[in-house]
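Note sheet for the following structure.
Source: prediction; values computed, not measured. All ligand and atom numbering here is 1-based and tracks the order in the structure.
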Amino acid sequence: MTKTTYVTEPFLPPLDEYIPYLEQIWENKRLTNNGPFHREFESALCDYLGVEHLSLFTSGTIALVAALQALRITGEVITTPYSFVATAHSLLWNNIRPVFVDIDPVTCNLDADRVEAAITPQTMAIMPVHCYGNPANVEQIGQIADIYGLKVIYDAAHAFGVKYRGESLLRHGDLSVLSFHATKVFNTFEGGAIVCPDAKIKQRIDYLKNFGFANEVTVIAPGINGKMSEIQASFGLLQLKYIDRVIARRGEIDGIYRTLLQDVQGIQLLPAPEHTQRNYAYFPVMVGPDYGLTRDGLYQKLRDNEIYPRRYFYPLISSMPMYRGMPSAEQSNLVEANRIAEQVLCLPMYPDIENDVIEKIADIVSGAA
Ligand SMILES: *Cc1c(COP(=O)(O)O)cnc(C)c1O
């Protein structure tokens with residue numbers, strides 16, 4: 001019987017290397033609340049990522065919700081419909097109205113040329129996504145934000161470790177939010193972080209993730225419990241030792257797929273982004289009208305062969321029940337996003353996938369199997 005292949009499989013370090021971390025936790029009985037591993041992991045991540053400050057969270061979604069609170073965003077926020085639902089959900093949790101803007105079909109990122117037209121007197125921020133880990137148009141988005149006095153919060157859930165023009169992509173915008181969910185390039189089972197430019201905003205974020213406590217008797221805001229535990233933080237420290245190998249292997253896989261699939265009629269690969277040191281978070285292909293099957297036909301054919309790709313991102317956020325009544329969610333406003341959502345298929349991409357499985361997938365896609 002053939003083994004089932006999923007779109008991703010989490011990377012786990014050798015178990016015996018994790019045991020000493022657990023022994024230390026059992027010994028010092030610090031389980032959470034900014035414990036020693038939490039502090040060490042924050043500083044190790046800043047070093048690794050090349051950023052000044054960050055604040056760890058229990059998940060990327062709670063971090064997104066808290067990031068919006070930290071900057072006191074209300075009113076409307078411009079965002080992309082082509083993302084995981086948590087991007088827009090974080091706005092609804094803050095009673096903010098998402099305003100969807102179409103994507104650039106080449107990068108699958110928010111089309112910066114269309115942002116200005118969506119700005120109203122209620123607009124307070126832009127929340128772009130670095131989709132698939134490929135940089136959003138940070139220069140143009142930064143310029144628009146400066147001109148109109150808007151904040152920029154990047155949903156950087158896909159962008160762990162990505163460098164743009166030689167420095168961390170996470171240094172752009174007012175805040176960037178990472179996810180360390182099991183399915184991401186770097187995982188702590190569940191987890192996330194807000195990357196912040198200065199110590200002052202980090203302080204406010206640290207209060208917010210701890211119920212709003214500034215000290216034993218002072219509560220400065222209706223905060224939440226978003227604190228990462230020592231179990232996750234210590235695990236993250238161990239994962240960091242492997243992340244360079246993980247990303248290197250992902251790069252190899254990306255290269256193999258590209259070689260095998262570049263000439264398949266009707267299959268389009270996303271061009272590698274410019275000036276970018278990538279993390280190869282996903283391997284999306286676009287199934288065009290001149291391919292022998294529909295996208296869903298290819299999806300089914302792969303499933304029939306025990307290969308489970310995913311249609312990231314389909315359906316669009318803007319077509320989900322809580323969003324589809326909004327004026328900006330209309331299909332005519334989001335032509336490219338709707339087209340791409342109908343064509344995209346993310347092929348299995350994770351460090352432990354074997355080369356013969358990649359070849360088998362490529363054979364199925366190219367019609368050779
Ligand atoms: C995974 C993901 C999130 C949510 O992160 P969690 O850690 O799972 O809460 C948010 N946005 C995007 C684009 C994601 O892919």
Side-chain angles (χ1 to χ4, degrees), residues 6-11 41 45 54-69 77-94 96 98 100-101 103 107-110 125-136 152-162 169-170 172-173 175-195 205 209 224-229 231-233 235-236 239 250 270 279-284 309-318 320 323 337 340-341 344 346 349-350:
Y6 296 100
V7 70
T8 191
E9 191 181 281
F11 175 79
F41 185 37
L45 269 178
L54 64 78
S55 180
L56 296 169
F57 275 80
T58 45
S59 75
T61 304
I62 295 289
L64 281 170
V65 170
L68 290 157
Q69 292 264 327
V77 170
I78 291 170
T79 190
T80 170
Y82 192 77
S83 181
F84 182 63
V85 281
T87 309
H89 280 3
S90 72
L91 300 172
L92 289 196
W93 272 73
N94 280 292
I96 294 164
F100 297 110
V101 164
I103 59 170
T107 63
C108 296
N109 278 319
L110 194 62
I126 309 171
M127 185 183 272
V129 177
H130 299 302
C131 192
Y132 307 131
N134 296 336
V152 180
I153 299 175
Y154 282 103
D155 179 339
H158 299 178
F160 188 93
V162 175
L169 179 60
L170 307 170
H172 290 273
L175 297 172
S176 289
V177 176
L178 291 164
S179 165
F180 310 144
H181 183 258
T183 55
K184 305 299 204 272
V185 168
F186 177 88
N187 87 78
T188 57
F189 284 50
E190 293 269 6
I194 303 179
V195 175
I205 290 166
K209 77 174 176 196
I224 196 149
N225 183 356
K227 292 172 274 119
M228 179 181 275
S229 76
I231 291 263
Q232 293 164 289
F235 185 75
Q239 287 284 59
R250 285 176 168 276
L270 243 62
N279 67 1
Y280 311 96
Y282 298 87
F283 197 84
R310 291 293 298 268
R311 292 166 289 187
Y312 294 142
F313 290 100
Y314 166 88
L316 291 180
I317 299 176
S318 49
M320 292 173 185
Y323 300 102
I340 295 293
V344 71
C346 283
M349 163 60 92
Y350 53 89

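Of all atoms in ligand 1, numbered sequentially from 1 with element shown, those under 4.0 Å from a heavy atom of Ala86 are 4 (C), 10 (C). Close approach of ligand 1 to Ser83 is summarised as follows: ligand atoms under 4.0 Å from at least one heavy atom of the residue are 13 (C). The contact set between ligand 1 and Gly191, taken as ligand atoms under 4.0 Å from a residue heavy atom, comprises 7 (O).
Note that CD1 of Ile153 is 11.0 Å distant from CD1 of Ile126, once rounded to the nearest 0.5 Å. Taking CD from Gln239 and CG from Asn187, the interatomic distance works out to 5.0 Å, rounded to the nearest 0.5 Å. Here the OG1 atom belonging to Thr80 is positioned 8.5 Å from the CZ atom belonging to Phe100, to the nearest 0.5 angstrom.
For atom 4 (C) of ligand 1, the nearest protein heavy atom (residue, atom name, distance) is Thr61 OG1, 3.5 Å. Shortest contact from atom 11 (N) of ligand 1 to any protein heavy atom: Asp155 OD2, 2.7 Å. Distance from atom 3 (C) of ligand 1 to its nearest protein heavy atom, with residue and atom name: Phe84 CD2, 3.7 Å. Nearest to atom 15 (O) of ligand 1 among the protein's heavy atoms is His158 NE2, 2.8 Å.
With Ser90, Ala156, Ser179 as candidates, the residue nearest to atom 7 (O) of ligand 1 on a non-hydrogen basis is Ser179.
For the pair Gln232 (side chain) and Glu190 (backbone), a donor-acceptor distance under 3.5 Å is present. Side-chain atoms of Tyr312 never come within 3.5 Å of backbone atoms of Phe84 as a donor-acceptor pair (strictly under, hydrogens ignored). Side chain of Thr79 to main chain of Met127: a donor-acceptor pair is present (N/O by atom type, distance under 3.5 Å, no hydrogens or angles).
Close N/O approach between Lys184 and ligand 1 is found [any backbone or side-chain N/O within under 3.5 Å]. Where the criterion is an N or O separation shorter than 3.5 Å, residue side chain and backbone included, Phe313 fails it with respect to ligand 1.
A ring-centre distance under 6.0 Å is found for Tyr154 and His130.
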